[in-house]
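Remarks on the structure that follows.
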Amino acid sequence: MAAQPLRPVGERSMGSSREAARAPARSPAWASTQASTPGAALAVQRDSPESGLQKHYSNLCMEKSQKINPFILHILQEVDEEIKKGLAAGITLNIAGNNRLVPVERVTGEDFWILSKILKNCLYINGLDVGYNLLCDVGAYYAAKLLQKQLNLIYLNLMFNDIGPEGGELIAKVLHKNRTLKYLRMTGNKIENKGGMFFAAMLQINSSLEKLDLGDCDLGMQSVIAFATVLTQNQAIKAINLNRPILYGEQEESTVHVGRMLKENHCLVALHMCKHDIKNSGIQQLCDALYLNSSLRYLDVSCNKITHDGMVYLADVLKSNTTLEVIDLSFNRIENAGANYLSETLTSHNRSLKALSVVSNNIEGEGLVALSQSMKTNLTFSHIYIWGNKFDEATCVAYSDLIQTGCLKPDNTDVEPFVVDGRVYLAEVSNGLKKHYYWTSTYGESYDHSSNAGFALVPVGQQP
């Protein structure tokens, strides 16, 4: 008879023995926080978070025979110092593994087991970033446990942690009952179609989550359609990221279903559909829905296959749509004709769009100059990103004039003029709609508005 899989001793299953089996086989028992004797009570008091998170972590590692992670120790020391200064309310604990400013020993699932035991009693911590670590499905098990017990956590970042479909299932299921988490990032974890279906099912029940990022998670067509279907009823989600699903075929079913959803959903504010293989017929489906939608403010259709013909539909809907404020068309092929369609609408009709990105769209001088002229007459249109197109002298002069006259602020574009031998050129500047989506700068502010203008203009469910 086959041996039963091991799980933490004395630990209750979160839903099934199969889920419990995903915990590490050598993990010791979860200690009860209730002391049964006076001596034990003193020990609990000595190791409580109030005595210092750093000390509590060290003691717990020794008690459980777990190796101390120096990176976690360093971060907890910083938090202790903040608490001593009286900054104990609303702390976001940043233990991201891609921090290049300090030596990093990436957090494993077993490291997170110890960390979760500390955080479950820390009511002043309401945000946790453990992205770019090595949590895997083991860490997902303890992340789910943390969401069960830490009722102040409103932001959780688990991006790029090698969490698979089973780990995704654990987190999705615990969110059926969680009523505090507002923003969850699962970006880059290959939960695949199976995991995506569990998250879609969760959205049928959860009524508190406002922002969900499942970009680069290898979602399938079935799960994308499931999300579109669920969002016709869910009234809580304000922003969803479904970037780069694994889709097959040329029928663009995903945009058909998302278009239907937009006609019925009047709560969604931001929609990210990067790398959906959207073509002109797909953008037509979305634009047809936007005639009836009165809530969407941020539309990201970057990295698709939209050409100038698709801009006819977008330019037309922008004549009547008064809610869209940010559109990301980066890395498509709208060319001069598409830029001219948009310019005409922005000059004569639309007065709601604030930011437009046409980075790397094979636009030459004429189309770029036309867009610059729109900014002179349309004072609402304040952000434009054009790098990666073909700049001639007229383009360089046009954008230099915009900046010098104050029509375009230097922080609101990704180019900067300079002069060589009396001729104006444009250089790239690290500004954009979502420059820090995958990473954060090692200097300056972590979430600088000029580098993340899309999220600044449409601030939905941001981390505390």
Would you find a donor on one side and an acceptor on the other, under 3.5 Å apart, between the side chain of [X] and the backbone of [Y]?
X	Y	result
Asn304	Val301	yes
Ser343	Ala339	no
Asn133	Arg106	no
Gln150	Asn152	yes
Asn243	Pro245	no
Asn431	Pro410	yes
Asn161	Gly139	no
Asn362	Glu335	no
Glu366	Glu364	no
Ser295	Leu268	yes

**Q.** Candidate pair His383 and Leu457, rule side chain to side chain contact (heavy atoms under 4.5 Å, CB included), full reasoning
**A.** CA-CA 10 Å; His383 297 64; Leu457 292 170; 4.0 Å; yes
Answer yes if the side chains of [X] and [Y] hold a donor-acceptor pair under 3.5 Å, and no otherwise.
X	Y	result
Thr307	Asn280	yes
Asn157	Tyr155	yes
Thr187	Asp213	yes
Tyr341	Asn336	no
Thr347	Ser374	yes

Taking all non-hydrogen atoms of both residues, which atom of [X] and which atom of [Y] are closest, and how far apart?
X	Y	answer
Thr92	Leu128	CG2-N, 4.3 Å
Gln148	Val174	CG-CG2, 3.2 Å
Ile306	Lys279	CG1-O, 4.3 Å
Cys267	Gln235	SG-OE1, 3.0 Å
Ala370	Asn340	CB-OD1, 3.4 Å
Glu166	Asp137	CB-OD2, 3.7 Å

(Q) Ring centroids only, cut at 6.0 angstrom: are His272 and Tyr298 within range, meaning strictly under it? (A) yes
Q: Pick out which of Asp414, Ile327, Leu433 makes a side-chain contact (heavy atoms from CB on, under 4.5 Å) with Ser357.
A: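 Looking at Asp414, Ile327, Leu433, the match for Ser357 under the side-chain contact (heavy atoms from CB on, under 4.5 Å) is Leu433.
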Q.
Checking side-chain contact (heavy atoms from CB on, under 4.5 Å) between Leu368 and each of Ile386, Asn361, Ile384, which is the one that passes?
A.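 Among the candidates, only Ile386 passes.
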Within this structure, what is the [atom1]-[atom2] distance for the pair [X] and [Y], rounded to the nearest 0.5 Å?
X	Y	atom1	atom2	answer
Ile72	Ile114	CD1	CD1	9.0 Å
Leu324	Asn293	CG	CG	8.0 Å
Ile91	Glu78	CD1	CD	11.0 Å
Leu353	Thr345	CG	OG1	10.5 Å
Asn189	Ile163	CG	CD1	4.0 Å
Arg179	His176	CZ	NE2	10.0 Å

Q. Going through the checks in order, is the ring pair (Phe, Tyr, Trp, His ring centres under 6.0 Å) test met by Phe112 and Tyr142?
A. CA-CA 7 Å; Phe112 193 77; Tyr142 292 115; 7.6 Å; no
Do [X] and [Y] touch side chain to side chain, with heavy atoms closer than 4.5 Å?
X	Y	value
Ile237	Lys211	no
Phe199	Ile171	yes
Leu212	Asn241	no
Asn234	Phe227	no
Leu271	Asp300	no
Leu181	Ile154	no
Asn350	Ser352	yes
Leu318	His349	no

Q: Go through the structure and list residues passing ring pair (Phe, Tyr, Trp, His ring centres under 6.0 Å) with Tyr437, not counting sequence neighbours.
A: none
**Q.** Counterpart residues, ring pair (Phe, Tyr, Trp, His ring centres under 6.0 Å), relative to Tyr291 (two or more places apart)
**A.** none
Q | Residue pair Glu264, Arg260: steps toward the salt bridge (Lys or Arg N to Asp or Glu O under 4.0 Å) verdict | A | CA-CA 7 Å; Glu264 299 182 37; Arg260 290 174 183 168; over 6 Å; no
Q) Does atom NZ of Lys319 have more than 12 heavy-atom neighbours, drawn from other residues, nucleotides or ligands, at distances under 6.0 Å? A) yes
(Q) Looking at Arg297 and Glu325, is there a salt bridge between them, counting it only when a charged N and a carboxylate O are closer than 4.0 Å? (A)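 Yes, Glu325 and Arg297 are salt-bridged.
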Q: With sequence neighbours excluded, tell me which residues meet side-chain hydrogen bond (donor to acceptor under 3.5 Å, both in side chains) with Gln284.
A: none
Q. Quick one: side-chain hydrogen bond (donor to acceptor under 3.5 Å, both in side chains) partners of Ser281, sequence neighbours excluded?
A. Glu252
Q.
One pair to check against side chain to side chain contact (heavy atoms under 4.5 Å, CB included): Leu356 and Phe381. What are the steps and the verdict?
A. CA-CA 8 Å; Leu356 173 67; Phe381 184 29; 3.8 Å; yes
Q | side chain to side chain donor-acceptor pair (under 3.5 Å) between Ser223 and Asn193, intermediate numbers included | A | CA-CA 6 Å; Ser223 54; Asn193 192 66; 3.0 Å; yes
Q. Could Lys435 and Phe455 be counted as a cation-pi pair, given that NZ or CZ must be under 6.0 Å from the ring centre and within 45° of the axis?
A.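 Judged by the rule, Lys435 and Phe455 form no cation-pi pair.
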Q: Test side chain to side chain contact (heavy atoms under 4.5 Å, CB included) on Gln204 and Gln233 and set out the steps.
A: CA-CA 8 Å; Gln204 290 182 301; Gln233 302 296 326; over 6 Å; no
Q) Can you name the side-chain contact (heavy atoms from CB on, under 4.5 Å) partners of Thr323, sequence neighbours left out? A) Asn321
Q: Identify, with sequence neighbours excluded, every residue that meets side-chain contact (heavy atoms from CB on, under 4.5 Å) alongside Cys396.
A: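 Checked Cys396 against side-chain contact (heavy atoms from CB on, under 4.5 Å); matches are Phe391, Val424, Leu426.
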